[in-house]
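Comments concern the structure below.
Note that the structure is predicted; figures quoted are calculated from it, not measured.
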Amino acid sequence: MFGFSTHEYDDEGFRTCNVTGLTIHRSAEDMVKLYGLTAIVALAIGGVFAFFVAMTRWELVSLLSPADFYTYLSMHAWNLLIFWMIFMEIAILYVGGAFVLGRRLSLPRLAKVGWVVMATGAVVVNAAIWTTEAPNQAPLLTSYVPLPSNWQFYAGAIVFILGAVVAALPFFATIWHERRENPNETLPLVTFGAFITGIVALESLVGGLITYVPTLLWRVGEFSTMDPAFYRQMYWIIGHGSQQINLLAMITVWYFLTHVLGGAEVASQKVSRTAFVLYLFFINLGAAHHLMSDPVVSTGWRMWNTSYAAYGAVLASMIHAFAIPAGLEAGRRAKGKGGGLFGWLWSSPWDDPGFSATIMSIILFGFLGGITGVMMGQMQLNMTWHNTLATVGHFHATVVTGTTLAFMGLAYYVLRLVFGRDWAMKPFAKIQPYLYAGAMSLLVLMMMYVGILFGVPRRHPSVMDIPGTEFSFAPAKPFFVVFGVAALLAILGGALFVLIAVASLLTGDRFDADSVGDVTRAAGGGGDAKPIHEYSMRGTFTLCLVFLATFVVLWGLNWYLLSTVWQIGP
């Protein structure tokens, strides 16, 4: 299907990866290439619009008019939050399914149909956003009714969602055939994680259809009215659920890449699988924090979703936060690749961009995205966060410094072991994850800082004072200088990734090695073959204590800031 591959296949279309030992069929490999390349195209498009958005928020530049700002912001959001993510996540389903199981991809023609429908929907959405002119509403992600968006926008969103559902079906069919043929065998953990990801994805996508189909009928005149409260509640099934697909896909990638690139083992299969099941029941309830001020939602419902129900999802995240680095530590110690408290970490292949992107994804997602998500998900603390730029900082911490870094790490892996091409521009490839992660971290911190401390609103093209009030955002303006510089560096890091990927496909040398990073397939376990849990994990335990201390400090600080919002007494 693609002329980039250098692999040789047997008569049945299978090949054996000489690094991982996986048996890979061409049907799955072609679809991973197709969806992965499309995802990178969406990443490039969204990155271009990110430049205009950032340079408008940075008032020293103030690049766009307010009307154009919303159009560019919508293009940025849809291409990066939706299209880049979901195209890549379909590829991850095929890796976690057919690749890991060593099977053909079931219903490969349906996978192609899914891609065509998804790509068509993405084009229609982009066209609808780009052609919507002021004073009509530019269709941002929420696009709450009764504010009307272009009907083509709703139609494109529906087509894209239907395409994603169709594209997911070959993955589920592959799992079904595997269980029929091997009913007594347990699915590998990566496949199990991809399976849970697929279920959450279908739930979210169905929520999108429930949201957009009635809205489209309203916009074309079939419905005389559209209930705004119904729209808001249904919308967040996909609005936040699509980001939970990102979370589960990202964690699945973490397990996969830390094993392939760093030699990690699974510390406990049962515990990790339990964490994935907890996500299945609780993760999408996190959408409640977007409705904390909604008058149609009862206080009891808010308290249940943002406290007790949220604990199930938080517990799952805490399990993965320990299990993944613990598996890496134990696996490397078993292979004799690290002594002392952190020798296993220092000796890891940090010059491998796939590995460095993965580890920084874990660290930055946890400290910047995970902690802030838990705080923002609490009903009281939500008052100081929501509808400020801090909210934007939070989801950039989760989606951009977390998920996008993990997907970049997977792409570096795919370039070598799927396309069979070594990285072009290797010195730049080695520094790209560090440049991108460092700049995005600074960008995220600035957005959180000006949002929480100064109340700078989100979705506004400038930092302006509010007429008729005492609100003044002047003290926040100097921080937007740091924001602007960090944004430029982050965009440069993203552009460098796209350039490396394209150059590798076009000019990269043939990659045909027996190892990736510093881990070889022949390395196996430790020489004494001890159970993995008998190796020390004290380094991971120490890191978890640091994480807990950071969480407690930030939690206390946010409660203090909340206490200063309304002074009680003289």
Side-chain angles (χ1 to χ4, degrees), residues 1-9 13 15-20 22 24 26 28-48 50-51 79-80 83-84 87-88 91-92 94-95 99 115 119 253 256-257 260-261 349-358 360-361 404-437 439 488-520:
M1 184 175 182
F2 291 92
F4 303 116
S5 180
T6 61
H7 300 303
E8 296 182 1
Y9 304 85
R15 70 175 181 87
T16 300
C17 176
N18 63 332
V19 175
T20 62
L22 295 175
I24 300 173
R26 193 160 198 164
E29 192 169 63
D30 285 346
M31 289 301 99
V32 169
K33 292 175 182 178
L34 179 61
Y35 281 90
L37 285 175
T38 310
I40 292 176
V41 171
L43 175 67
I45 295 171
V48 169
F51 171 80
N79 281 282
L80 291 186
F83 303 144
W84 148 247
F87 273 111
M88 196 69 175
I92 290 169
Y94 297 160
V95 170
F99 272 36
W115 179 86
V253 169
F256 182 69
L257 289 184
V260 172
L261 303 178
W350 290 101
D351 61 344
D352 183 324
F355 180 84
S356 59
T358 302
M360 283 188 290
S361 166
T404 294
L405 267 172
F407 289 1
M408 285 178 174
L410 180 64
Y412 279 117
Y413 162 88
V414 167
L415 284 171
R416 279 185 159 185
L417 301 188
V418 176
F419 284 97
R421 297 292 183 181
D422 204 359
W423 308 313
M425 308 164 57
K426 276 190 180 180
F428 291 101
K430 292 179 180 180
I431 67 171
Q432 183 272 328
Y434 298 100
L435 172 62
Y436 183 79
L488 288 175
L489 292 174
I491 293 167
L492 176 61
L496 187 58
F497 166 77
V498 174
L499 180 61
I500 292 168
V502 173
S504 299
L505 290 175
L506 298 178
T507 65
D509 295 332
R510 178 187 177 97
F511 181 78
D512 189 13
D514 292 328
S515 67
V516 174
D518 62 355
V519 180
T520 64

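- In this structure, F51 and L488 have side chains that are in contact, with non-hydrogen atoms separated by less than 4.5 Å.
- Rounded to the nearest 0.5 angstrom, M88 CE and L37 CG are separated by 9.5 Å.
- Atoms CG and CG, on L405 and L410 in that order, are 12.5 Å from each other to the nearest 0.5 Å.
- Using modelled atom types, no side-chain atom of S361 and backbone atom of A357 make a donor-acceptor pair closer than 3.5 Å.
- W84 is not listed as a side-chain neighbour of I45, based on a closest heavy-atom distance of 4.5 Å or more.
- When side chains are defined from C-beta on, R15 counts as touching E29, because their heavy atoms get closer than 4.5 Å.
- Between Y94 and F99 the shortest side-chain heavy-atom distance does not fall below 4.5 Å.
- For the ring pair (Phe, Tyr, Trp, His ring centres under 6.0 Å) with Y412, the qualifying choice from F511, F419, W423, F407 is W423, the only one to do so.
- Between Q432 and M425, every side-chain heavy-atom pair lies at or beyond the 4.5 Å cut-off.
- What you find for A424 and A429 is that their closest heavy atoms are O-CB, 4.4 Å.
- With hydrogens and angles disregarded, no donor-acceptor distance shorter than 3.5 Å links the side chain of R421 to the backbone of D509.
- Scanning both residues, G36 and A91, for their nearest heavy atoms gives N-CB, 4.2 Å.
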TODO: Kindly indicate, with the supporting measurements, whether the criterion side-chain contact (heavy atoms from CB on, under 4.5 Å) is fulfilled by W350 and Y434.
DONE: CA-CA 10 Å; W350 290 101; Y434 298 100; 3.5 Å; yes
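- Separation of atoms CG (D351) and CD1 (I431) is listed at 13.0 Å; rounding is to 0.5 Å.
- The CG atom of D352 lies 8.5 Å from the OG1 atom of T358; values are rounded to the nearest 0.5 Å.
- By the 30° and 60° cut-offs, the orientation of the rings of Y35 relative to F87 is tilted.
- Inter-residue side-chain proximity for F428 and F497 is flagged as unmet; no heavy-atom pair is nearer than 4.5 Å.
- For K426, the salt bridge (charged side-chain N to carboxylate O under 4.0 Å, His left out) partners two or more places apart in sequence, or in a different chain, are D422.
- Residues V498 and L43 meet the side-chain proximity criterion, which asks for heavy atoms closer than 4.5 Å.
- Summarising the geometry of I40 relative to A501, their closest heavy-atom pair is CD1-CB, 4.2 Å, with the distance given to 0.1 Å.
- Closest heavy-atom contact between G493 and Y436: C-CD1, 3.9 Å.
- In this structure, M360 and P433 have side chains that are in contact, with non-hydrogen atoms separated by less than 4.5 Å.
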